[in-house]
Every structure is written in structure tokens, then in C-alpha cells.
**Q** 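The structure's right below; bear with me while I get my questions together.
By convention in this document, chain letters (A, B, ...) are assigned in the order of the sequence lines, proteins followed by strands, and residues within each chain are numbered from 1.
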Number of protein chains: 2
Amino acid sequence: MLDKLDQKIISLLHQNARIAYKEVAAQVGLSAPAVTERIARLQERGIIRGYHAELDFLACGYPLEAVWLVRTHHQQLFAAIDLVKSLPEVVSCDTVTGENCLLVRLFATSVAHLDQLTYQVLAYGEVNTMIVKQHVVSPRLPPLQQP
Amino acid sequence: MLDKLDQKIISLLHQNARIAYKEVAAQVGLSAPAVTERIARLQERGIIRGYHAELDFLACGYPLEAVWLVRTHHQQLFAAIDLVKSLPEVVSCDTVTGENCLLVRLFATSVAHLDQLTYQVLAYGEVNTMIVKQHVVSPRLPPLQQP
DNA sequence: AGTGAAAATTTCACTCG
DNA sequence: CGAGTGAAATTTTCACT
């Protein structure tokens with residue numbers, strides 16, 4: 001699936017999504033057009049989904065980062081998902097194993113704000129709220145291998 | 001702190017980190033050098049931490065995405081963090097509220113692989129392993145406002 | 001996948017408010 | 001000091017091999 005060159009290209013773009021293709025080319029030992037072509041293919045294949053800026057949300061006016069572990073009541077999973085999706089403070093939400101479980105990451109401006117959000121979700125199930133204290137491992141890439 | 005223009009710039013770079021500054025300039029109504037200057041300042045201030053490619057890890061040879069909620073034994077938090085950091089399969093790890101708690105995200109190639117990793121962490125505390133079934137909300141930005 | 005030229009973007013020096 | 005302008009430098013894209 002992914003040869004050594006694709007892996008290296010992906011790794012470079014994961015480290016710095018704004019790197020010049022010419023620079024990628026130099027590091028993988030190909031020409032710029034060859035790299036452009038490979039990246040276009042990786043995007044088409046859905047391996048590369050997009051490019052995002054990593055932000056310091058705390059510096060953006062959100063002093064609180066939290067995670068909810070939501071266990072919804074029977075048959076309420078989809079309603080809970082709809083609610084969670086509608087909250088702009090939510091930055092990610094995954095369904096996980098465990099009966100009707102959701103793992104939700106969100107930002108809030110204050111404890112009162114977080115409480116108010118949690119309250120809305122409580123209508124759909126039990127919510128275990130965890131406040132993120134520190135990022136110990138920043139976004140990184142697992143080793144890519146499989147052919 | 002962040003004026004309307006900075007917010008718009010951040011939002012555009014979060015949507016697509018490889019957008020041309022010239023295009024950002026057009027969308028915010030400034031010149032390209034003015035935008036370049038603002039982005040440089042946002043980086044210096046630590047508001048923008050970096051730019052990353054978003055990848056489909058499942059397509060990269062990792063059929064399993066999992067989350068651990070680790071509650072470490074007394075005085076073992078830092079040892080657990082050191083172990084978790086040393087595992088290349090781990091892509092993020094946060095300390096969260098709750099006594100000695102860690103929230104860890106990782107990728108594995110098989111259930112056996114995941115088990116083998118979990119086993120190592122079990123030495124430091126109790127581990128609740130959740131397998132990610134579906135991403136319901138993909139990486140998005142909370143509304144930026146605060147001045 | 002590479003080459004070389006054309007097109008586009010980024011960067012720089014400089015000017016203006 | 002932050003923003004605009006135009007030219008230079010760099011990067012990206014395209015046709016062709």
C-alpha cells in the first residue's frame with residue numbers, strides 16, 4: 001500500500017503541513033513534480049485527509065479543555081450524538097466500545113460554561129467529565145510500515 | 001488578544017493549513033505581506049503551534065484505534081507517563097482530573113498487538129481500554145471570540 | 001519519474017498613514 | 001508600527017521526454 005517514499009512524505013507532512021513540496025522532494029530524493037504527484041494520489045486515496053493548524057486554544061480564550069465519557073440511555077445514542085454535534089464547543093466526538101458510549105472533547109470558557117454544557121448532555125445519559133490538565137504527548141505519528 | 005482578522009486567519013488555516021497566504025489575504029481583505037506578518041506573529045505568540053496533515057491511520061495499516069483511561073497506582077504516574085511516551089503507537093496522552101489519571105490515544109495493528117501494549121501499562125495501574133468505532137465529529141474549531 | 005520553462009506565490013525593501 | 005506596493009526570489013505547475 002504505502003512504500004518507503006510515501007511513508008516519508010506522510011511523515012514530513014505530518015510534522016509540518018506547510019513544508020514546500022520542493023523540500024519534501026529533496027528529503028525523499030525525488031523531483032518536485034514526482035512528489036506533487038504522489039501527494040495528489042495520497043489525497044485521492046484518502047490516506048491524507050486534510051491539513052490543519054494546531055492551535056493553543058487556551059491562548060484563544062478557552063481556559064478549560066475537557067473530555068466527556070458519555071454512556072447514553074438505551075436507544076438514545078443517536079439523539080446524544082446529534083446534541084453533541086450541535087455544540088460548537090465540541091471539537092471531536094467518537095463512538096467507542098462499551099454500550100452506547102461516546103468520547104467527546106470540548107473547550108469551555110469557564111466552569112459555569114462547562115457545567116451548562118454538561119447539563120444538556122445529561123438528558124441523554126450518564127456523563128463522566130474529565131478536565132484535561134496537561135498534554136504529555138503532543139500529536140504524533142505512529143510508525144508507518146505495512147506494505 | 002485576537003481581533004476579527006486574526007480569528008478569520010486562524011479559522012482558514014485550521015480548515016486548510018496549506019492554503020496560500022495570498023488566498024487568506026483575499027478572504028480577510030488584507031494584502032499578502034500583511035497576512036504573512038500576522039501569521040508570523042501568531043506563531044511567535046504560540047497561538048499557532050504548528051501545521052499537521054490529517055491522516056487515515058486505518059488506511060495506513062492500523063485497523064485498531066483505541067483509547068486508554070489509565071488510573072495509576074500511587075506515586076506511579078510519572079513512571080506510567082514515561083512508559084506511555086516510549087510507546088510509538090501512542091499518538092497522544094493527556095493528564096486529566098481524577099487521581100493519577102491519564103487519557104491515551106493509540107493505534108494498533110491487531111487485537112493481539114493492542115493486548116500486548118495494554119499489558120505493559122497494566123504494570124502501572126488500572127487500564128480501561130476503549131476501541132474507537134467511529135469518528136462522529138471530525139477535528140473542528142470551537143468559536144473564537146474573546147478579545 | 002525527470003527536465004526545463006511558465007505561472008503562481010512568497011518574500012523583501014520601501015513608502016504611506 | 002501595521003499595512004500596501006512592486007520587484008526579486010522561490011515554489012508550483014505544466015508540457016514533454
Side-chain angles (χ1 to χ4, degrees), chain A residues 1-62 138-141 143-147, chain B residues 1-57 59-61 138-141 143-147:
Chain A
M1 268 303 208
L2 294 179
D3 67 16
K4 274 282 169 213
L5 264 37
D6 286 334
Q7 288 171 31
K8 182 71 183 165
I9 290 168
I10 284 173
S11 165
L12 290 167
L13 288 171
H14 190 266
Q15 281 170 58
N16 173 17
R18 285 199 68 89
I19 190 174
Y21 291 169
K22 193 198 168 196
E23 176 63 23
V24 175
Q27 295 207 32
V28 300
L30 287 177
S31 66
V35 164
T36 307
E37 173 63 21
R38 276 176 180 258
I39 291 172
R41 293 273 302 119
L42 288 165
Q43 290 171 170
E44 281 164 21
R45 290 161 66 192
I47 310 275
I48 296 176
R49 288 193 174 151
Y51 307 95
H52 307 285
E54 181 196 350
L55 304 176
D56 182 350
F57 289 109
L58 282 66
C60 289
Y62 289 94
S138 36
R140 70 182 190 191
L141 202 60
L144 303 168
Q145 276 143 12
Q146 289 60 352
Chain B
M1 268 304 207
L2 295 177
D3 66 17
K4 274 281 169 213
L5 265 37
D6 286 334
Q7 289 172 30
K8 183 72 182 165
I9 290 168
I10 284 173
S11 165
L12 291 167
L13 288 171
H14 190 264
Q15 281 170 56
N16 173 17
R18 284 199 69 88
I19 190 174
Y21 290 168
K22 193 198 167 195
E23 176 63 23
V24 175
Q27 294 207 34
V28 301
L30 287 177
S31 66
V35 164
T36 307
E37 173 62 20
R38 275 176 181 259
I39 291 172
R41 294 273 301 119
L42 289 165
Q43 289 171 170
E44 282 164 21
R45 290 161 67 191
I47 310 275
I48 297 176
R49 288 193 175 151
Y51 306 95
H52 307 287
E54 181 196 348
L55 304 174
D56 182 350
F57 289 109
C60 289
S138 35
R140 70 181 191 191
L141 200 61
L144 305 167
Q145 276 142 13
Q146 288 60 354

**Q** For the pair made of CD1 in A:Ile19 and C1' in C:dT9, what is the distance, rounded to whole Å?
**A**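 It is 17 Å, rounded to the nearest whole Å.
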**Q** Using atom NZ of B:Lys22 as one end and atom P of D:dT11 as the other, report the distance to the nearest whole Å.
**A**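 It is 18 Å, rounded to the nearest whole Å.
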**Q** Side chain of A:Ser31 only, please: which of C:dT11, D:dT11, C:dG2 is the nearest?
**A**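 Among C:dT11, D:dT11, C:dG2, the one nearest the side chain of A:Ser31 is C:dG2.
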**Q** Could you identify the nucleotide paired to D:dT17, looking across every strand shown and requiring Watson-Crick or G-U wobble geometry with both distances under 3.5 Å?
**A**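 Answer to the pairing question: C:dA1, which forms a Watson-Crick or G-U pair with D:dT17.
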**Q** Measure from the side chain of A:Pro33, starting at C-beta and using heavy atoms only, and say which of C:dG4, D:dT11, C:dT9 lies closest.
**A**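 When the side chain of A:Pro33 is considered, C:dG4 is the closest of C:dG4, D:dT11, C:dT9.
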**Q** Is any side-chain N of the basic residue among A:Arg38 and A:Asp3 closer than 4.0 Å to the acidic one's carboxylate O?
**A**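 Yes, this pair counts.
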**Q** In whole angstroms, how far is the C1' atom of D:dC16 from the CD atom of A:Glu37?
**A**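 A:Glu37 atom CD is separated from D:dC16 atom C1' by 15 Å.
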**Q** Using whole Å, report how far CZ of A:Arg41 lies from C1' of C:dA1.
**A**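 Taking atom C1' of C:dA1 as the reference, CZ of A:Arg41 is at 15 Å.
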**Q** Report the distance from atom CG of A:Leu141 to atom CD of A:Gln7, rounding to the nearest 0.5 Å.
**A**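 With rounding to 0.5 Å, CG (A:Leu141) is 9.5 Å from CD (A:Gln7).
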**Q** Can you spot which of A:Val28, A:Leu2, A:Ile19, A:Ile47 makes a side chain to side chain contact (heavy atoms under 4.5 Å, CB included) with A:Ile9?
**A**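 In the set A:Val28, A:Leu2, A:Ile19, A:Ile47, the residue that makes a side chain to side chain contact (heavy atoms under 4.5 Å, CB included) with A:Ile9 is A:Val28.
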**Q** The side chain of A:Ala34 is closest to which nucleotide in this list: C:dT11, C:dG4, C:dA1?
**A**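 Of the options given, the side chain of A:Ala34 lies nearest C:dA1.
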**Q** A:Tyr21 side chain: which of D:dT13, C:dC12, C:dG2 is closest?
**A**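 Nearest listed nucleotide: D:dT13.
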**Q** Expressed as a whole number of angstroms, how long is the span from B:Lys4:NZ to D:dA3:C1'?
**A**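 In whole Å, D:dA3 C1' lies 21 Å from B:Lys4 NZ.
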**Q** Does the ring center of A:His52 lie less than 6.0 Å from the ring center of B:His52?
**A**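 Aromatic pair excluded; centres sit 6.0 Å or further apart.
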**Q** Grab the CZ-P distance between B:Arg38 and C:dT11 for me, whole Å please.
**A**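 That distance rounds to 17 Å.
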**Q** Applying a 4.0 Å non-hydrogen cut-off, can you work out what B:Arg18 is touching in the nucleic acid: base, sugar-phosphate, or nothing?
**A**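 If one applies the 4.0 Å heavy-atom cut-off, B:Arg18 turns out to touch the sugar-phosphate alone, with no base involved.
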**Q** Calculate the interatomic distance between B:Leu30 atom CG and C:dT11 atom P; express it in whole Å.
**A**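 B:Leu30 atom CG is separated from C:dT11 atom P by 16 Å.
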